[in-house]
Amino acid sequence: MRADARSFASARKERVADTDRWLKDLLRTASPGGEGVALVAVGSLGRGELAPGSDLDLVLLHDGGEDIARIADRIWYPIWDSGVGLDHSVRTVDEAVKVAREDLKAVLSLIQARHVAGDPELTRRAREAVLAEWRADSRRRLAELREAADKRAESTGELAFLLEPDLKDGRGGLRDVQAMQAVAAAWVASAPGPRVREAYELILDVRHALHVVTARGADRLVLQEQDAVAGTLGLLDAEALMRRLAEAGRTISHAFDATWRTVDRLLSGPVPRGRRPLADGVVEHAGEVVLARGVNPRTDPVLVLRAAAAAAESGLPLAPATVSMLASQSPPMPVPWPDEARDALVALLGAGRAAVPVWEELDQAGILVRLLPDWERVRHRPQRNPIHRFTVDRHLIEAAANAASYTREVSRPDLLLIGALLHDIGKGWPGDHSATGEVVVRDIGLRLGLSSQDVEVLATVVRHHLLLPETATRRDLDDPVTIEKVAGAVGSREVLELLAALAVADGHATGPAAWNSWKASLVADLVRRVRRALSGSPLPPPPSLSPAQAVLARHGGGAIRVNGTNVTVVAPDRPGLLWRAAGVLAAHRMVVRSASAASASSTAVIEFSVVPEYGTPPDPATLEADLRLVLAGRLDIEQRLARRTRSVRPARVPVAPPRVTLLEEESATATVVEVRAHDRPGLLWRIGRSFGECGLDVKAARVETLGAEAVDVFYVVDRAGRPLSDDAQRTQVRDHVLAALR
């Protein structure tokens with residue numbers, strides 16, 4: 001960090017000292033003798049952490065004197081006149097204790113109250129009385145504190161994994177450290193240690209820099225401020241800032257969880273003191289996993305993984321002292337790993353959700369990077385993408401935990417779990433993470449002691465871990481070329497089933513925008529077709545209309561069926577049907593999250609997955625009526641959408657320009673056009689209309705919206721039903737679609 005960043009702590013101290021002097025002068029003016037009154041600082045001023053945009057939190061204690069209102073006015077009004085934010089109260093000592101007894105925020109403030117001016121005896125009496133009641137009623141009050149922390153975390157999310165974290169209220173933020181300090185004040189658990197205090201100071205510095213950058217008191221670090229805040233702190237860029245912030249947040253969250261385990265253990269009464277064996281050298285004791293008596297970690301490099309696997313499989317935490325001992329005394333793991341070590345790793349990952357907190361324990365203790373040196377490159381690495389809800393390393397263990405649910409469905413569950421753990425390991429290196437990950441995972445596979453054949457399978461899985469979901473959502477599965485290319489890349493049914501399970505585990509670990517029932521059904525369909533191709537069976541014929549779709553088709557002029565968020569459009573196949581139907585949905589403020597279009601027996605079937613932009617969905621009958629009007633040329637959908645476009649607010653942050661790519665050799669019967677753009681109302685209508693203006697017909701489509709980004713793939717043909725072969729025409733199509741998107 002730069003010198004000015006390193007001086008943030010001293011700047012806060014100077015600000016506190018200056019504020020104290022000012023407040024002393026105000027009280028001296030208001031009450032020259034200072035008898036019977038005390039000015040007490042709480043909040044950030046009380047803790048000595050006053051940032052540039054912080055308000056002043058003050059309590060004026062008094063002994064019941066009649067002129068207290070006059071004294072208060074002479075203090076508060078100058079503060080208000082200065083423009084500084086002020087949160088204030090006037091209390092006797094008994095009133096302060098009573099309020100603290102009933103109000104959690106008040107008691108937390110008074111626990112850390114600091115005397116500023118006036119009669120120190122009033123401050124001492126108030127603090128001691130509040131602390132005494134806090135300790136005496138700790139069982140009830142700590143439960144109240146825990147409930148408040150849980151609600152805060154549920155509302156604001158986890159600081160370490162948010163794109164725009166709340167530095168104060170996010171889980172792993174400033175409030176959690178203050179809660180731990182309150183627990184320590186109740187004499188139930190130890191105060192936060194040096195690592196937590198260092199993390200806390202970092203977050204304070206980030207908040208300080210945010211106040212400097214924005215010139216106001218802010219706690220939420222939004223995207224557009226992150227580069228400036230990073231520069232103020234002397235960091236390279238926003239990614240470096242968010243990586244350090246993620247590490248700090250996870251350090252605090254880890255300590256926060258450990259604090260509450262201590263609270264639960266101490267307040268729940270006596271626990272059984274016996275020792276129950278869990279694994280070789282590992283036992284359960286007092287609800288935690290510890291080492292057996294006489295076990296020497298220095299002679300057994302596999303013990304750390306064996307203990308971790310035992311903890312995950314039993315659903316118990318590793319005792320902090322045990323983790324510290326293993327971290328400091330375990331010898332290096334032999335390379336290649338012995339079979340027992342690899343089996344223990346697979347057992348740990350196979351425990352599913354229970355593996356995540358155990359993995360976090362190993363990470364916090366620095367054990368993981370010694371076992372897997374390449375882990376350091378993805379550790380705390382942010383993913384500045386709204387689709388991803390976790391940092392890279394947390395995403396990987398989440399994916400592995402999810403993959404544990406599918407180990408019964410593959411012939412090599414060990415490779416599934418290891419592949420899930422390492423599928424994004426390439427994100428720690430420049431370039432395409434699938435390609436770099438393939439290189440990295442070959443080295444890791446050899447380190448783990450896998451056979452050369454298994455290393456090849458693992459490398460193939462990592463290289464192609466996106467193949468199934470990307471193909472299923474962006475290619476025509478009825479095109480034999482699509483199935484042949486996937487089968488050629490996969491090479492075997494063993495790899496296919498691994499990729500199929502990984503696709504689900506990865507999608508769920510990424511976030512709700514990355515996996516849904518529509519994508520799941522497409523991936524399952526693709527897997528069935530590729531499995532048949534790998535077994536030598538002929539490809540199935542294109543699907544015929546379902547009975548429900550056939551009923552809709554009898555309407556003749558076009559029909560719509562709405563079932564929750566799914567909208568089915570069935571109509572006689574004709575050019576422009578897809579984009580006209582999309583225009584109707586957009587005009588009714590329906591946002592298309594995904595869509596697929598195909599035709600069978602001269603009838604077009606379009607499946608949309610939609611959500612209302614706001615409010616309730618429109619009446620299905622109204623949608624159908626408007627569709628018929630559009631098909632008949634009696635509804636100017638363009639005018640409606642133009643009005644909508646004018647009313648849409650522009651994006652708050654810059655977005656990447658759209659990209660249109662005509663893909664070679666992806667289909668023998670059509671030209672494949674891939675469109676990537678920032679989503680906005682009527683986007684699909686604009687794209688489709690531009691195809692129509694170029695004299696093209698959309699024979700099939702796969703449309704998907706990931707967060708705010710649209711990834712749309714269209715199979716188009718000319719009026720004669722042929723793919724585009726003329727380079728000039730291909731360029732014209734690309735330019736025309738791009739123009740429609742700008």
Side-chain angles (χ1 to χ4, degrees), residues 1-20 41 43-57 82-85 87 112 152 156-178 181 192 194-253 255 379-385 391 652-654:
M1 290 189 178
R2 289 196 320 238
D4 56 342
R6 288 195 300 269
S7 66
F8 281 170
S10 59
R12 289 191 291 273
K13 290 179 181 177
E14 290 175 7
R15 181 173 167 78
V16 168
D18 291 342
T19 303
D20 282 358
S44 59
L45 179 61
R47 293 186 299 270
E49 302 165 354
L50 204 60
S54 297
D55 293 341
L56 299 184
D57 295 323
S82 73
V84 176
D87 186 359
Q112 297 181 323
R152 188 172 65 245
T156 57
E158 192 151 1
L159 181 148
F161 306 129
L162 292 171
L163 276 177
E164 298 183 330
D166 189 311
L167 303 173
K168 181 184 287 185
D169 288 334
R171 189 173 192 276
L174 300 175
R175 293 275 194 220
D176 281 354
V177 177
Q178 293 155 16
Q181 292 167 338
R195 290 187 66 233
V196 174
R197 291 197 298 271
E198 182 180 353
Y200 185 72
E201 286 294 327
L202 172 69
I203 299 176
L204 284 177
D205 285 348
V206 174
R207 184 168 175 258
H208 191 130
L210 179 61
H211 287 193
V212 171
V213 167
T214 61
R216 58 185 175 84
D219 296 317
R220 187 162 175 252
L221 182 59
V222 299
L223 281 169
Q224 56 262 40
E225 311 292 357
Q226 289 172 8
D227 280 313
V229 170
T232 303
L233 290 166
L235 298 173
L236 179 63
D237 54 22
E239 179 165 331
L241 167 67
M242 299 307 289
R243 190 169 188 176
R244 293 197 61 181
L245 200 56
E247 182 174 11
R250 288 170 75 172
T251 297
I252 292 171
S253 291
R379 189 169 183 258
H380 305 308
R381 182 173 291 276
Q383 304 196 77
R384 305 189 73 198
N385 183 320
T391 53
R652 290 190 307 162
V653 295

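- Distance alone, capped at 3.5 Å, places no donor-acceptor pair between the D227 side chain and the D237 backbone.
- To the nearest 0.5 angstrom, L223 atom CG is 4.0 Å from E164 atom CD.
- Applying the ring pair (Phe, Tyr, Trp, His ring centres under 6.0 Å) definition to pairs two or more places apart or across chains, none involves residues 216-247.
- Here the side chains of V177 and I203 are not in contact, with every heavy-atom distance at 4.5 Å or above.
- In this structure, V206 and R244 have side chains that are not in contact, with every pair of non-hydrogen atoms separated by 4.5 Å or more.
- Separating the CG atom in L245 from the CZ atom in R250 is a distance of 12.5 Å, to the nearest 0.5 Å.
- Residues L56 and L50 are in side-chain contact: their nearest non-hydrogen atoms beyond the backbone lie under 4.5 Å apart.
- Proximity of Q226 to V229: side-chain heavy atoms (C-beta onward) are nowhere separated by under 4.5 Å.
- The minimum heavy-atom distance between G53 and H211, with the atom names listed, is N-ND1, 2.9 Å.
- To the nearest 0.5 Å, atoms CD (Q181) and CD (Q112) are separated by 4.5 Å.
- S54 and R15 share no donor-acceptor pair across their side chains, judged by distance under 3.5 Å alone.
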Derivation and outcome, side chain to side chain contact (heavy atoms under 4.5 Å, CB included), residues D176 and R152:
CA-CA 10 Å; D176 281 354; R152 188 172 65 245; 2.6 Å; yes
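- Heavy atoms only, all atoms of each residue included: L159 and G172 are closest at CD1-O, 4.2 Å.
- Only one option out of D219, D169, D166, T156 pairs with R175 in a side chain to side chain donor-acceptor pair (under 3.5 Å); it is D169.
- Counting all heavy atoms, side chain and backbone alike, A238 lies closest to A230 at N-CB, 4.0 Å.
- How far CZ of R220 is from CG of L210: 11.0 Å, rounded to the nearest 0.5 Å.
- With contacts defined as side-chain heavy-atom distances shorter than 4.5 Å, the pair R12/V16 does not qualify.
- We find the NZ-CZ distance between K13 and F8 to be 15.0 Å, quoted to the nearest 0.5 Å.
- R207 places none of its side-chain heavy atoms less than 4.5 Å from the side chain of E49.
- By the side chain to side chain contact (heavy atoms under 4.5 Å, CB included) test, A199 is found to be paired with A248, T251, I252, residues two or more places apart in sequence or in another chain being considered.
- Rounding to the nearest 0.5 Å gives a distance of 9.5 Å between CG of L202 and CG of L167.
- Across every non-hydrogen atom of V196 and A255, the tightest pair is CG2-CB, 3.3 Å.
- A heavy-atom distance below 4.5 Å is found between the side chains of L221 and L241.
- Residues forming a salt bridge (charged side-chain N to carboxylate O under 4.0 Å, His left out) with D57 (at least two apart in sequence, or on another chain): none.
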